[in-house]
Amino acid sequence: MSSFAGSAFRALALGVFALFLAHSGAATAERVYGWLSQTSALAGQDSLAVRRHILGITYVRAIERLRRTIPRDGEYLLVRGSTEGEGGGAYWVRFELAPRRARFLGGWNELPDGETLRRRLPSGSRWVIIAYSEPRAPVLMEREEFLRALDRSHDGV
């Protein structure tokens, strides 16, 4: 490779890198501006108001309902509702409901039929929470209601 070709290649690589930095810097600056604008709009708000703004009133109300229903020293079975856009909905529900104990069963589509699952479930867990990625609110079901719904979904009904 000649000296000129090597210099041209280095100049081209440097130009492409500079273009990348300019593009990513502008995108980052735009994101930071959006975050700062949102933060300044929420300044002085209490944590509940901020959660309502970010997660939506339906999601926040559902979490509050779960907290009232399941005792602090209670436990619940946790199911991931969908695999679409898995944004960690089950993790956030678990975080929101701490110190209540969660027993993760897996994803809805991964579970066996209700009768098979009934034999495997730990005794004593009355509640089942189906968690979705926010802003879709989690769904609370009693154990038997959940098993019937699981059977219906496996039967194609």
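Considering only heavy atoms from C-beta on, D151 stays 4.5 Å or farther from R148 through its side chain. You'll find the side chain of W108 reaches within 4.5 Å of the side chain of L150, heavy atoms only. Side-chain contact between L147 and V128 is absent, with no heavy atoms from C-beta onward closer than 4.5 Å. Contact annotation: the side chain of M141 never approaches that of W127 to less than 4.5 Å [non-hydrogen atoms, C-beta and beyond]. You'll find the side chain of R100 reaches within 4.5 Å of the side chain of R72, heavy atoms only. Within the 4.5 Å cutoff, the side chain of F146 has heavy atoms near those of the V79 side chain. Side-chain contact between P112 and R120: present, with at least one pair of heavy atoms (C-beta onward) separated by less than 4.5 Å. Using a 4.5 Å cut-off on side-chain heavy atoms (C-beta onward), L55 and I63 make no contact.
The distance from the CG atom of L140 to the CG atom of L66 is 5.5 Å, given to the nearest 0.5 Å. In this structure, Y91 OH and F104 CZ are separated by 6.5 Å, a value rounded to the nearest 0.5 Å. To the nearest 0.5 angstrom, S125 atom OG is 9.5 Å from I70 atom CD1. Note that CD1 of I130 is 11.0 Å distant from CG of L77, once rounded to the nearest 0.5 Å. Distance CG/D113 to CZ/R118: 9.5 Å, rounded to 0.5 Å. Taken from CG in L97 to OG1 in T69, the straight-line distance is 10.0 Å, to the nearest 0.5 Å.
For the residue pair A137 and A62, the shortest heavy atom distance occurs at CB-CB, 3.7 Å. Among all heavy-atom pairs drawn from R136 and Y59, the shortest one is O-CD1, 3.6 Å.
Around CZ of R51, the count of heavy atoms belonging to other residues, nucleotides or ligands within 6.0 Å exceeds 12. Enclosure of atom CZ in R67 by more than 12 non-hydrogen atoms of other residues, nucleotides or ligands within 6.0 angstrom is indicated. Counting non-hydrogen atoms of neighbouring residues, nucleotides and ligands closer than 6.0 angstrom, the CZ atom of R65 reaches no more than 12 such neighbours.
The hydrophobic cluster containing F95 also contains Y76, counting ILVMFWY residues as joined when their side-chain heavy atoms lie under 4.5 angstrom apart, directly or transitively. Cluster annotation: L105 is connected to Y132 through the hydrophobic network of ILVMFWY side chains, with a link wherever side-chain heavy atoms come within less than 4.5 Å.
When each of R94, R101, R143 is tested with E75 by the rule salt bridge (Lys or Arg N to Asp or Glu O under 4.0 Å), just one qualifies, namely R101.
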